[in-house]
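Throughout, residue positions are numbered sequentially from 1 according to the sequence presented.
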Amino acid sequence: MHKLERLLRPKSIAVFGGRSAATVVAQSIKMGFAGEIWPVHPTKQEVAGRNAYRSVADLPAAPDAAFVGVNRHLTIDVVKALAECGAGGAVCYASGFLETGAFDEDGGRLQAELVAAAGEMPIIGPNCYGLINYADGALLWPDQHGGIRLVDGGRGVAIITQSSNIAINMTMQRRGLPIAFLMTAGNQAQTGLSEMALGLIEDDRVTALGLYIEAFDSVVGFERLVTRARDLKKPIIAMKVGRSEQARQATVSHTASLAGSDAASGAFLKRLGIARVDAIPSFMEALKLLHVTGPLSGYRLSSMSCSGGEASVMADSAEGRVVHFPRLTDEHSARVKSTLGPLVAVANPLDYQPYIWNNEPAMTETFTAMVSGGFDLNMLVLDFPRPDRCPNNDRWPNVRAFEAALKTNRAQGAIVSSLPENLPEEYTADLIARGVAPLFGISEALEAAQAAAFIGRAWRESRAQPVDLSAAGAAGGARLTPDEADAKARLIKAGLRVPKGDRASNVVEAVASSVALGFPVALKALGVAHKSEVGAVRLNLKDTDSVSAAARDLLPLGTGLYVERMVSDGIAELIVGFTRDPMFGTVMTLGTGGVLVELFRDSVTMILPATRNDIEAALRGLKLYPLLEGYRGGRKADVGAAIDAIAGIADFVQKSAGEIEELDVNPLIVCAEGKGAWIADALLVIGEKKNG
């Protein structure tokens, strides 16, 4: 039994507090909760029609779940009493704990006291609304909500958010998404979001999981969660906020959570096989699609509509996405063409035109032919008339024809409305029962399909190694930035490919070193972080006179000079950067490098460890990659050497995880085939690791 089992699926509920507690009692009664409900109040005889008890000691038995809706100081006392009597768990509604931050020095102390009072008993929150169990009608929820109870063994999705208000908003949806459980995490003082999720996915009535995340509670906890979810074949999507500085600041003030790096968060979710969406409507539609179809086997879509305009919008909405509408084969096109009139142009997306409208046998034949192409998801664009002003019987032949086509081909399908309001909620349950996902909005539908396809691909791949957390934790202590000569000496010692170079303290030494190294050479001012921005580097110097002149110019800019043999036969320049993230440890950024790094912003973020396959996949995802393969007849680059170099640099950083704060290799020059890849510049920042 999961430790949250009694709390999530209680047979008895104790409720503490005034108005909020009365709402909990009333809501559970209204939802038809079949278990015991025990209000606790020091003076009232009854709460919402149920007899009240004076204290925890007066309860008939230890409750499975408790809603604690009293002030923050009394919350600690109630939680302690519940833990001592053997209760299954408690929702702590009160605010005024760690989230108060600098405004209230008591908040952090009180949160620590609350966790100590709970001991081994699970608590949710504080500073949260709690739990709605629509499967059993058990509500530990102090406010209104818009959901309905699942009946007759019904199944639905589970949602966890760190925002109570967003949770309420989600219950008010009119999109036909069946919700089995909804939870809020609050401050995650004791029980983190990943632990709550583990408890929810064990329920057979849960089909998929949606997470609204402000901050991750535990890297290891999330790794454990996705392992179990994959075993149970329950897909997970996430909406992770914190892209903007304002959002990160709001997160800290909201639940005292550290949002961390957004790029690292995205890389972590990708590594786990959790699909990320960026908007609440897309979040809801992706969950709905996953509830009906589960993960998709690929990114190939078909679309049918009785409108050239709708077909065009569908095609345009797929632009720039991984999901796409592949061109029909000649054989497939002929098969579809044979079911339509001679004036219909067959394509994908398909505008089947009004010739077969309301002719169910004809539509069934056309839809069946179109769906026979082995697409991963088939979409029928269908907006229903307003039921308050128009008859809508003429849409159901389309639905039945589409359902028949899907069944004949054993295919997955969705009906997509171009406007959310044009697919009434009262129709959605019928569509889901037919095995058809009702999706609201074209962009949201494509976002949902992409999320489902991403999960399907992730599940087909081998599971990622656990994240290397040896560099996790807050940085502290002094930070030292060795100059380029020292940084490269460390890289050379680690066996990495660095061009030969020498220090020089004056013009004479610079000239002598250049002669010894062999021309052409590069000359750089040491002690300058971003050399190209201040003119602190001169490249391709071919004789002693040019070295002498450059040395005189560069000496005033830094702490000395560095002479280095020029790398020849370069095809492309990469940046390979590493930073320490307090949550995820060492994070690697790989992208187009050199002076274009800021201009192109062509990069991918990865979390260590990264395999050679991971690195190769990341390289292939860059816009730069065609250049490495010999763009338009150009020379091919030594991609294998580039992968070796990146893997070697990553290994060097991992082995020094307690010391390295940052490392920027920019550029890593990738030369022609057989010529290798060379570290042409390196910026290293050394610090002390400080856990906590």
Side-chain angles (χ1 to χ4, degrees), residues 480-577 592-597 635 637-638 641-642 644-646 648-649 652 662-686:
L480 174 66
T481 303
D483 64 26
E484 182 180 346
D486 284 342
K488 285 186 170 176
R490 293 174 184 243
L491 297 172
I492 292 169
K493 186 176 180 181
L496 297 171
R497 301 187 78 174
V498 178
K500 289 183 178 180
D502 282 323
R503 282 182 181 276
S505 58
N506 54 51
V507 173
V508 173
E509 289 181 7
V511 170
S513 293
S514 66
V515 171
L517 291 168
F519 295 103
V521 297
L523 187 64
K524 308 174 186 182
L526 291 173
V528 180
H530 301 288
K531 301 179 184 65
S532 59
E533 295 179 8
V534 294
V537 58
R538 302 292 169 84
L539 302 177
N540 207 32
L541 303 177
K542 297 179 179 179
D543 52 49
T544 57
D545 289 343
S546 57
V547 171
S548 178
R552 283 192 292 270
D553 291 341
L554 296 183
L555 272 171
L557 300 180
T559 58
L561 299 172
Y562 189 65
V563 190
E564 187 174 67
R565 182 70 185 268
M566 283 289 297
V567 177
S568 59
D569 293 319
I571 300 293
E573 295 184 348
L574 298 174
I575 181 171
V576 188
T592 299
V595 296
L596 302 177
V597 61
R635 292 181 302 165
D638 200 336
D644 287 339
I646 297 163
I649 299 167
F652 164 74
E662 299 177 28
L663 172 62
D664 269 355
V665 171
N666 184 28
L668 174 71
I669 300 178
V670 187
C671 298
E673 282 185 304
K675 300 292 186 178
W678 297 84
I679 298 172
D681 198 0
L683 173 63
L684 180 65
V685 179
I686 302 297

Interatomic spacing from [atom1] in [X] to [atom2] in [Y] - rounded to 0.5 Å:
| X | Y | atom1 | atom2 | answer |
| --- | --- | --- | --- | --- |
| Glu673 | Ile571 | CD | CD1 | 9.0 Å |
| Leu561 | Asp502 | CG | CG | 12.0 Å |
| Asn666 | Ile575 | CG | CD1 | 4.0 Å |

Please give me the minimum heavy-atom distance between [X] and [Y], naming the atom from each residue.
| X | Y | result |
| --- | --- | --- |
| Val507 | Ala551 | CG2-CB, 4.0 Å |
| Ala550 | Leu541 | CB-CD1, 3.9 Å |
| Val567 | Pro499 | CG2-CG, 3.5 Å |

Check whether any side-chain heavy atom of [X] lies under 4.5 Å from a side-chain heavy atom of [Y], and answer yes or no.
| X | Y | value |
| --- | --- | --- |
| Leu557 | Leu554 | yes |
| Val528 | Val534 | yes |
| Leu663 | Phe652 | yes |

With sequence neighbours excluded, residues passing side chain to side chain donor-acceptor pair (under 3.5 Å) with [X]:
| X | answer |
| --- | --- |
| Asn540 | none |
| Asp638 | none |
| Thr559 | none |
| Asp486 | Arg503 |

Residues two or more places apart in sequence or in another chain: which of them pass salt bridge (charged side-chain N to carboxylate O under 4.0 Å, His left out) with [X]?
| X | value |
| --- | --- |
| Arg538 | Asp553 |
| Asp664 | none |
| Arg635 | Asp569 |

Tell me which donor-acceptor pairs under 3.5 Å the side chains of residues 508-523 have, and how far apart each pair is, sequence neighbours excluded?
{"residue": "Glu509", "atom": "OE1", "partner": "Ser505", "partner atom": "N", "Å": "2.8"}
{"residue": "Glu509", "atom": "OE1", "partner": "Ser505", "partner atom": "OG", "Å": "2.9"}
{"residue": "Glu509", "atom": "OE2", "partner": "Ser505", "partner atom": "OG", "Å": "3.2"}
{"residue": "Ser513", "atom": "OG", "partner": "Glu509", "partner atom": "O", "Å": "3.0"}
{"residue": "Ser514", "atom": "OG", "partner": "Ala510", "partner atom": "O", "Å": "3.4"}
{"residue": "Ser514", "atom": "OG", "partner": "Val511", "partner atom": "O", "Å": "2.6"}

Name every donor-acceptor pair, under 3.5 Å, that has one atom in a side chain of residues 674-684 and the other anywhere in the protein, sequence neighbours excluded.
{"residue": "Trp678", "atom": "NE1", "partner": "Lys675", "partner atom": "O", "Å": "3.1"}
{"residue": "Asp681", "atom": "OD1", "partner": "Lys531", "partner atom": "NZ", "Å": "3.4"}

Only pairs at least two apart or in different chains count here, so list each salt bridge (charged side-chain N to carboxylate O under 4.0 Å, His left out) that has a residue in residues 541-552.
none
In short, salt bridge (charged side-chain N to carboxylate O under 4.0 Å, His left out) pairs touching residues 516-526 with sequence neighbours left out are Glu484-Lys524, Lys524-Glu564
